[in-house]
Structure formats: C-alpha cells, structure tokens
Protein chains: 2
Amino acid sequence: MERQRRIPEATVARLPVYLRTLLEVQTDGVTTISSERLAELAGVNAAKVRKDLSYLGSFGTRGVGYDVDHLLVQMSRELGLTRDWPVAIVGVGNLGAALANYGGFGDRGFPVAALIDADPTKVGTTFGGHTIRHLDDLPALVDELGIAIGIIATPAAGAQEVADRLVAAGVTSILNFAPAVVTVPAQATLRKVDLALELQVLSFYGQRDSIGSSLREELGVTAEAKNSAV
Amino acid sequence: MERQRRIPEATVARLPVYLRTLLEVQTDGVTTISSERLAELAGVNAAKVRKDLSYLGSFGTRGVGYDVDHLLVQMSRELGLTRDWPVAIVGVGNLGAALANYGGFGDRGFPVAALIDADPTKVGTTFGGHTIRHLDDLPALVDELGIAIGIIATPAAGAQEVADRLVAAGVTSILNFAPAVVTVPAQATLRKVDLALELQVLSFYGQRDSIGSSLREELGVTAEAKNSAV
DNA sequence: CCGACCTTGTTCTCTTGTTCACAAAGTGCC
DNA sequence: GGCACTTTGTGAACAAGAGAACAAGGTCGG
Ligand SMILES: NC(=O)c1ccc[n+]([C@@H]2O[C@H](COP(=O)([O-])OP(=O)(O)OC[C@H]3O[C@@H](n4cnc5c(N)ncnc54)[C@H](O)[C@@H]3O)[C@@H](O)[C@H]2O)c1
Ligand SMILES: NC(=O)c1ccc[n+]([C@@H]2O[C@H](COP(=O)([O-])OP(=O)(O)OC[C@H]3O[C@@H](n4cnc5c(N)ncnc54)[C@H](O)[C@@H]3O)[C@@H](O)[C@H]2O)c1
C-alpha cells in the first residue's frame, strides 16, 4: 500500500484542528476515538475526517476507531511539529507586543526567538525578555537563532519590504498581519491574517440577515466558521 | 438585466481586498481602473476580478475599465459599509487590550463600542476610554449601543459560553480568536482567527521545503496567501 | 462615419473539495 | 468458530471555484 502524497491544502488547514481536539480528549484519558466523535468535536463532517486522516496513512481499526496517541504522533510528524520553529516578530508596536507577550506559541513549538523593529528609539530596548533588534540584523539573527518563521506586524506601508528582507535572509514562512497585499517568491509560503477583512465579511452577512432575508437559513449554512484557512 | 444575487463566499472574501486597493489608488488620483491592473494590485487573476465584480452588476465600460468612485460606492453598499457596525470586545486581556487600543477599526466603520470581561477586578475599570462592563450586562449593552459584532478574546474554555451569550443577546456576527471549536445557530455568522493553526500550516509547508522537495515549485504554487477566507 | 483597438462580461473546461454510500475489515458475544 | 455489529477506507456523484478564451460592446483616431 503506497503512501499517498500531496495532502490537499484544505486538509492541511484542518489537521491543526484535529490535533488540538485530540490533545484535549487525550488529557481526558480517552485512548480511542471514532471518526464520528472526532468530527463532532472538530465541527466537521465525519466522512471528511476519515478522508483527511487517510492521507496520513491507514491508522484506524475498523469496528473500533483511531488510537489517539498514535494519531497524535503521526499528525505531529506530518505537520512538522517534531522540531521547534523559532519565530521572529517584526514590528513591536501594539500588536507585535501583544503577540510577544503571549505564551501560547512557545508551548506549541513556536518560541518567539527575536523581536525586530526599524524604529531607532525601540531598537536596543528590552521587551518581554528580548532585546529588540534592528531589521538590518535579520540575516545574522537567522543564522544565530535559526529563525524559521517571520511574523509581520508593521504598518501596511512597510509590509512588502519586510517580507522581501525576510525571504532574502532565508525565512521562507511568513505570517502577515498588515492589511496589504504582499507577494513572495514561489519557494516561500505566505499566509495572512486580516482583521478588517473579517469584519467586513461579517458586515456583509450581517446586512443580509438584518434585511430579513432568510436566504442563508434556507441554504442551511452551517454553524462552524467557514474561513478558508484560518 | 436581472441583478444577480447569491454572491459566492469566495467572492465575498475578496471584495474587501478590492475595496482596500481601490481606496489606495483613489488617493493617488486614479479615476479609472482596468480589471488587469486591479488584479495585479490585489494579487489575483484578472478573470477572477471581472467575475467577482460582475456579481455587483455591470459597472465596467468595455474598452475603458471601471470607474473607481462608482465601484467603491457599489462595493461599500454591497458589503454593508454604509452604516457603522458597533463592536464589543469580550475578554480584555493581552489580546483584547491590543485590539481595543487599535484605531484602525473605528476608521473603517467598526467602532469599538464596549469592552466586556468576566473578571470582577477588571469590571468597572477604564481602558482606552471605555469602562469595562460585565458579561451579564451584555443584553443591556446591545440595546443601548446597538452592538452588531462580538469579538471573542477570552481563553478557549470560555469561548463557547461567550458565543452563546452573544447570540442570546442578539449579536449574530461573531469573530473568535480563541483556539476552540465554537458553534452558533444557523442564523448567526461566526468566523475565526486561529494563530496556532496558521503557524502549524506554515510549519507543514516549511518542512516540505526543507526536506528538499520541489513539489510546490513544480506545482507553481502561487505567491499570494491562500487562506481561504482570511 | 468608419475601422482599429481595447476591455468587459460570460461561457466552458478543468481542478479542487465535499458528501454519500457501501464493501471490506475487524471486534466480541455466544 | 461463526455471526451480528461497528467503523474504517474509498469510489463515485456532486458542488464550488479558478482560469482560459472569446464574443459583445464600447472608445477614439482619422
Ligand atoms: N493592533 C491591532 O490590534 C491590529 C489589529 C489588526 C491589524 N493590525 C495591523 O497590524 C499592524 C501593526 O499594528 P500595530 O497597532 O501594532 O501598529 P503600531 O504602529 O503600534 O506598531 C508598528 C511597529 O512597526 C514598526 N515598524 C514600522 N515600519 C517598520 C519596518 N519597515 N520594519 C520594522 N518595523 C517597522 C514601528 O516602529 C512600530 O513599532 C498594522 O499593519 C495594523 O494594521 C493591528
Ligand atoms: N495574546 C495573543 O497574542 C494571542 C494570540 C493568539 C491567540 N490568542 C487567544 O486569544 C485569547 C485571549 O488571549 P489573551 O492573551 O488576551 O488572554 P488573557 O488571559 O490575557 O485574557 C483573557 C481575558 O478574558 C477574560 N475572561 C475569561 N473568561 C471570560 C469569560 N467567560 N467572559 C468574559 N471574559 C472572560 C479574562 O478575565 C481576561 O481578562 C486566548 O484564547 C488566546 O489563546 C491570543
């Protein structure tokens, strides 16, 4: 039985949800879980769960379900979570500072390894246990600390330049919070988090509702978020 | 010529990007734009732009392009941006505080109208010009201030309860930052922003790359983010 | 007024993703 | 050991979305 490669993008985006769900049931002492139950907890369709998991290999036992521990190991391996991915936060302002303070990333294998800013009055100061470094130090920091992921938390105007510099320094995974279209070469991966966009999408559907349209209800639009990748 | 209803979800998620792009070129004095140019600036395919815009109606002029001002008006109307959408932030911690401090929302028609927390030591204190209110006050706040959107910035454990309370109080648009699966009834809309998920997806693709696989290059995976709706 | 040129709007095809439905495979009772 | 029951893994049908291609419609120079 040949291992199936090329995991669909939609599946990749759901694996973290399954992972989190499995970690939760694991702490409850659950050792085996059916696709039905996992689907319920993860807010998706059971057939989808089975198909998604089948991309990892055939780990289930028919008539029984999936072994939680085993699934967690396979899933972590597939997602690349068997190693740490040091993160650099670029732009230590309002948002960057909040992210730097947040402990939830290091726990999960994404330690904040560097804080970077372009403002000379911020560079050199210490924040949350890190000395803020200048953007020019980026290549050195990548070498020293093995930065694998860059988070852009600068104003929109600077986002593309920061992305270019990150890629030039060898950081090929980028998460962009700035409300700007940023492009990177094909060998890099860029994902974005755009709050204004989210609010505007909510506004769109909210307006539909308040107009009294029952369109979406008729369609049975589902309860769980439908974000594409978020 | 019948107006085409039922705008695809994928299109709805791109309209805010076009909107932002159009606002930018508008300030540069541009009055007309072709689908080709808009596509380039928005980081998408030109055919997609034309198809997306055609859902709003036929506003372009063949041989010329689209009138920027007109397009902005139509798009704003469609997205429901002709009115304000007061936002309540639930959970004024690390993240909630950063969001509350951020001025970028009010500018765009999403004023932060209320800050809500469950912690008795925080309730009653003032933050960023708002007195923090208790979760129990939610129904009253919705009545008084016309809260239209709720942002969940509490720990994961409280997220579902907060969502339930928001819906019960009449808030049908919710943006969830907590790493938890939250479900809402069909008449409500929920979107999520999940940073851990984003990082794990980056880790997946980062691992693929560092293994030396040229899979994605061969596939010509594109430069712009592929987030589904974000 | 006409013809060369440009850009939209839309149709068609291809790809990706979702869901159903069911045979295959395993468990555990009797 | 056999049989009833459960749950997986996947084939096939269906739905949504992306992109190429092109006819229709409009501009503008002459
Ligand atoms: N704060 C929020 O809650 C929030 C919410 C949504 C989106 N955003 C977006 O996140 C980004 C950051 O927001 P913020 O509120 O933290 O802004 P901010 O102004 O508080 O901080 C920006 C920081 O980036 C630094 N910076 C500017 N240009 C830089 C460059 N080229 N290289 C390195 N550093 C640079 C600045 O010195 C500053 O420290 C913005 O694009 C904003 O639109 C923020
Ligand atoms: N801080 C970040 O940068 C960051 C990044 C990604 C995700 N998140 C997520 O965002 C959420 C908030 O993170 P944080 O760092 O601000 O946490 P935090 O602990 O700093 O703040 C949480 C706040 O929510 C309040 N709260 C708790 N339960 C509540 C309830 N039932 N109703 C109302 N308020 C309640 C608490 O009193 C506290 O003020 C978490 O789920 C976290 O995982 C945070």
Side-chain angles (χ1 to χ4, degrees), chain A residues 1-15 17-18 30-40 42-68 70-71 74 216 219-222 224-229, chain B residues 1-15 17-18 30-40 42-68 70-71 74 216 218-229:
Chain A
M1 177 71 53
E2 201 58 32
R3 168 68 80 78
Q4 198 146 350
R5 275 292 147 199
R6 184 79 41 87
I7 300 183
E9 206 171 301
T11 296
V12 172
R14 281 188 296 265
L15 291 181
V17 179
Y18 301 147
V30 174
T31 59
T32 297
I33 193 168
S34 69
S35 60
E36 198 76 43
R37 179 79 182 126
L38 179 52
E40 186 189 331
V44 302
N45 178 292
K48 209 186 306 194
V49 168
R50 288 199 293 278
K51 190 158 277 191
D52 285 343
L53 295 184
S54 77
Y55 289 112
L56 307 178
S58 292
F59 299 136
T61 307
R62 296 175 189 219
V64 178
Y66 299 88
D67 181 81
V68 173
H70 189 213
L71 212 47
Q74 296 299 333
R216 288 172 50 257
L219 279 169
V221 163
T222 143
E224 174 57 1
K226 31 203 152 82
N227 298 36
S228 70
Chain B
M1 176 70 57
E2 201 58 33
R3 169 67 81 78
Q4 196 146 354
R5 277 290 146 200
R6 185 77 43 85
I7 300 184
E9 205 169 303
T11 295
V12 173
R14 280 188 297 267
L15 291 182
V17 179
Y18 302 146
V30 174
T31 59
T32 297
I33 194 167
S34 69
S35 61
E36 197 77 42
R37 178 78 182 127
L38 180 52
E40 186 189 332
V44 303
N45 180 289
K48 210 186 306 193
V49 168
R50 288 199 293 276
K51 192 174 283 188
D52 286 344
L53 295 186
S54 78
Y55 289 111
L56 307 179
S58 291
F59 298 137
T61 308
R62 299 176 187 216
V64 177
Y66 300 88
D67 181 80
V68 173
H70 188 213
L71 211 49
Q74 295 299 333
R216 286 171 54 256
E218 278 166 31
L219 279 170
V221 164
T222 146
E224 177 53 3
K226 31 198 150 84
N227 296 35
S228 65

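Within every chain, numbering begins at 1; the chains are lettered A, B, ... in the order of the sequence lines, protein sequences first and strands thereafter.
We find that CG of B:Leu38 is positioned 13 Å from C1' of C:dT7, with the value rounded to whole Å. Atom CG in B:Leu53 sits roughly 11 Å away from atom C1' in C:dG9 (whole-Å rounding). When the C1' atom of D:dA15 is taken as reference, atom CD of B:Glu9 falls 13 Å away, rounded to whole Å. If you measure from atom CD of B:Glu36 to atom P of C:dC5, you get 19 Å, rounded to the nearest angstrom. Following rounding to the nearest Å, A:Gln74 (CD) and D:dT8 (P) show an atom-to-atom distance of 17 Å. Rounded to whole Å, the distance from CZ on B:Arg6 to P on D:dG17 is 12 Å. To the nearest angstrom, P of C:dT7 lies 16 Å from CG of B:Asp67.
A pairwise comparison of heavy atoms in A:Tyr66 and A:Gly60 identifies CD2-CA, 3.4 Å as the closest pair.
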Return a single string for nucleotides 18-27 of chain C, one symbol per nucleotide in 5' to 3' order, where B is base contact, S is sugar-phosphate-only contact and - is none, cutoff 4.0 angstrom on heavy atoms. SBBB--BBSS
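The side chain of A:Ser35 places an N or O atom within less than 4.0 Å of a non-bridging phosphate oxygen (OP1 or OP2) of D:dT8. Distances shown here put every side-chain N or O of B:Tyr66 at or beyond 4.0 Å from the OP1 or OP2 atom of D:dG26.
Taken from CG in A:Leu38 to NZ in A:Lys48, the straight-line distance is 12.5 Å, to the nearest 0.5 Å. How far CG of A:Asn45 is from CZ of A:Arg50: 8.0 Å, rounded to the nearest 0.5 Å. Rounding to the nearest 0.5 Å places CD of A:Glu40 at 9.0 Å from OG of A:Ser34.
A side-chain donor-acceptor contact under 3.5 Å links B:Asp52 and B:Thr11.
Between A:Val68 and the options A:Thr31, A:Val30, A:Thr32, a side-chain contact (heavy atoms from CB on, under 4.5 Å) holds for only A:Val30.
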